[in-house]
Amino acid sequence: MSAFGNGKVILLGEHAVVHGVAAIAAGLRDGARAALVERRAASLHVAPWNVTARPDDGTSLGAAFSALLRAREDDRRPSEPAPTHGHIEACVALPGSAGLGSSAALAVALLRALDIADGIERDFARSQAVALAWERVFHGNPSGIDTALALVGGLVRYRRSAGSEPSLVPLSAARPLTLVVGQSGEPGSTRAMVERVATHRGREGWDEALADIEALVRCAEQAIVDGALDVLGNAMGRCHERLAAWGVSTPRLDAMCERARAAGALGAKLTGGGGGGCMIALVASENVAAQVADALARMGCPSFSTTVGGVSTEAR
Ligand code: PMV
């Protein structure tokens with residue numbers, strides 16, 4: 001039996017969420033799957049990348065795997081069995097370094113595969129704590145939004161909270177939101193971009209930027225609840241401008257957003273860590289989704305459309 005972790009898109013609030021601002025994100029139907037296939041020394045094979053890692057084998061994947069196994073051991077309750085070790089086969093159905101939460105999806109799939117093998121039912125808070133040990137290896141100071149979405153999916157408002165559980169509020173959309181997710185083809189390093197944003201901390205304009213993004217998230221949440229897609233699209237565009245001012249967009253991402261808007265999108269922005277990776281465009285219909293996808297394809301950028309606040313994702 002294989003276990004699953006969702007990928008995600010952030011609609012608004014990435015980067016600011018690291019610093020305590022709320023963000024809105026949605027789980028993707030695609031993500032990562034994993035299964036423990038043989039009980040023996042721990043190893044992990046990730047099919048589409050064709051890499052095999054062992055705990056502390058000198059690679060970052062090995063370091064993350066080791067951190068997850070250690071965190072799982074540290075989190076063990078007296079009533080639970082000694083942790084199973086073995087060979088795990090995993091498959092990630094998302095592009096990596098693209099802002100779609102592939103590493104968190106993999107962490108959650110692995111954790112769940114091991115928990116299935118041990119017969120453990122782990123609640124959200126415990127799962128989040130263990131999965132974050134993996135994410136810290138890749139991202140340094142993750143807000144936890146990726147692992148939270150990998151665990152729960154759906155459409156949510158997320159806020160990290162120092163020293164306690166994050167707040168995770170499910171949002172009920174008046175109507176499903178159709179997004180086109182476009183891939184720039186440039187790999188983005190979330191860690192490097194989070195560090196870049198942190199250099200603005202305490203500088204002039206920092207507090208205003210955070211307050212503005214908080215207000216945009218609040219406005220977007222109301223727009224989602226009301227079904228006011230034009231208001232949501234506008235908030236997304238303004239959020240992109242804020243992110244660009246922190247230096248986490250790229251000329252290609254900016255151009256993709258512009259083309260998407262010219263093709264009829266109500267709003268477009270980078271999603272996730274940036275520095276490359278993906279952008280999202282909000283569209284009012286499947287027809288406009290196809291026009292946006294065509295415009296992106298003409299730039300050499302593959303895309304897929306996904307409906308959030310509903311359930312369907314389809315590859316293009
Ligand atoms: O690039 P991704 O998919 O890992 O998204 C990261 C989201 C950030 O807000 C940039 C970082 C974080 O930990 O919240």
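Both ligands and their constituent atoms are indexed starting at 1 by order of listing.
Checked by atom type and distance alone, the side chain of D115 never pairs as donor or acceptor with a backbone atom of E121 at under 3.5 Å. Checked by atom type and distance alone, the side chain of R160 pairs as donor or acceptor with a backbone atom of V18 at under 3.5 Å. Using modelled atom types, no side-chain atom of R157 and backbone atom of E221 make a donor-acceptor pair closer than 3.5 Å. Between the side chain of H15 and the main chain of G273, a donor-acceptor pair closer than 3.5 Å is present. A distance-only check finds no donor-acceptor pair linking the side chain of T178 to the backbone of T307 [under 3.5 Å].
At under 3.5 Å, a nitrogen or oxygen of G101, whether backbone or side chain, sits near a nitrogen or oxygen of ligand 1. Of the polar atoms of G144, none of the N or O atoms is found under 3.5 Å from an N or O of ligand 1, judged by distance alone. Remark: ligand 1 and N141 share no N or O pair separated by less than 3.5 Å (distance only, no angle test). Taking distance alone, with nitrogen or oxygen atoms compared against 3.5 Å, E14 stays at or beyond that limit from ligand 1.
Nearest heavy-atom pair across A150 and A104 is CB-O, 3.7 Å.
Taking every heavy atom of I145 and a limit of under 4.0 angstrom, the matching atoms of ligand 1 come to 14 (O). Near P142, the atoms of ligand 1 lying under 4.0 angstrom from a non-hydrogen atom of the residue are 13 (O). Residue V17 has at least one heavy-atom neighbour below 4.0 Å for each of these atoms of ligand 1: 9 (O), 14 (O). Residue contact check: I10 has heavy atoms under 4.0 Å from atoms 7 (C) of ligand 1. Per-residue contacts place G99 under 4.0 angstrom from the following atoms of ligand 1 (heavy atoms of the residue considered): 1 (O), 2 (P), 3 (O). Close approach of ligand 1 to V18 is summarised as follows: ligand atoms under 4.0 Å from at least one heavy atom of the residue are 11 (C), 12 (C), 13 (O), 14 (O).
Under 4.0 Å from ligand 1, the heavy atoms of L100 that appear belong solely to its backbone. Under 4.0 angstrom from ligand 1, there are no non-hydrogen atoms of E135. Heavy atoms of M193 found under 4.0 angstrom from ligand 1: none, in either backbone or side chain.
Proximity annotation for atom 13 (O) of ligand 1: of G276, S143, G188, S143 comes nearest, heavy atoms only.
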Practice problem: Step by step, work out the salt bridge (charged side-chain N to carboxylate O under 4.0 Å, His left out) result for E214 and R159. | Solution: CA-CA 11 Å; E214 181 79 51; R159 190 191 299 274; 2.9 Å; yes
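Here the heavy atom of the protein found nearest to atom 6 (C) of ligand 1 is T190 CG2, 3.7 Å. For atom 4 (O) of ligand 1, the nearest non-hydrogen atom of the protein is D146 OD2, 2.7 Å.
Side-chain N/O atoms of T84 and R39 include a donor and acceptor closer than 3.5 Å. T59 and D57 form a side-chain donor-acceptor contact under 3.5 Å, judged by distance and modelled atom types alone.
The shell of residues lying under 4.0 angstrom from ligand 1, judged by heavy atoms, includes K8. Residue V197 places no heavy atom under 4.0 Å from ligand 1.
The shortest distance between side-chain heavy atoms of L100 and V9 falls below 4.5 Å.
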